[in-house]
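Computed over heavy atoms, backbone and side chain alike; hydrogens, waters and symmetry mates excluded. Only a predicted model underlies this, so the values are computations on that prediction, with no experimental measurement involved.
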Amino acid sequence: MKPLDFQVDFLSVGDVANLFGTTPPKIVAAIKNGTLPIGFVGEASGTHERNRTIIVKQRLEKWLNGEDLSRPVVGGEHKSA
């Protein structure tokens, strides 16, 4: 079995907001409503917890290049649903 070459890089919401010339809350809203499918938003369940937003650099790069992010990628190749 061939080992997976797997690396994930993360970006801050502030960095992505600066890239788009907008604010972090607008980036979070775009991720949550699906118009910017580059990451995930985890909402806090308790009063002392904070929401967490994870932005995957590789997904942002693919999105900026116009690649289809709706299909899964396995081993570097898009697979049909």
Sorted by first residue and then second, give each salt bridge (charged side-chain N to carboxylate O under 4.0 Å, His left out) pair with at least one member in [range]; sequence neighbours left out.
| range | answer |
| --- | --- |
| residues 25-38 | Lys32-Glu43 |
| residues 12-25 | none |
| residues 33-42 | none |

(request) Output yes when a side-chain donor or acceptor of Asn65 lies under 3.5 Å from a complementary backbone atom of Glu67, and no otherwise. (result) no
(request) Under the ring pair (Phe, Tyr, Trp, His ring centres under 6.0 Å) rule, collect the residues that match up with Phe20, sequence neighbours excluded. (result)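 With neighbours one apart ignored, the set is Trp63.
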(request) Check whether any side-chain heavy atom of Ile38 sits under 4.5 Å from a side-chain heavy atom of Val16, and report yes or no. (result) yes
Show every donor-acceptor pair shorter than 3.5 Å between a side-chain atom in residues 52-59 and any protein atom, with sequence neighbours excluded, or say none if there are none.
from, atom 1, to, atom 2, distance (Å)
Gln58, OE1, Asp9, N, 3.2
Gln58, NE2, Gln7, O, 3.3
Gln58, NE2, Asp9, OD2, 3.2
Arg59, NE, Pro37, O, 3.0
Arg59, NH2, Pro37, O, 2.8

(request) Not counting sequence neighbours, which residues clear side chain to side chain contact (heavy atoms under 4.5 Å, CB included) with Ser45? List them please. (result)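 By the side chain to side chain contact (heavy atoms under 4.5 Å, CB included) rule, Ser45 matches Glu49.
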(request) Please list all pairs passing the ring pair (Phe, Tyr, Trp, His ring centres under 6.0 Å) test where one or both residues lie in residues 24-45, with sequence neighbours left out. (result) none
(message) Quick check for you: to the nearest 0.5 Å, what is the distance between Leu11 atom CG and Leu19 atom CG?
(response) 9.0 Å
(message) Within this structure, what is the CG-CG distance for the pair Asn33 and Leu36, rounded to the nearest 0.5 Å?
(response)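 That separation rounds to 9.0 Å.
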(message) So which atom in Ala17 and which in Pro24 form the shortest heavy-atom distance, rounded to 0.1 Å?
(response)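 Result for this residue pair: CB-N, 3.6 Å.
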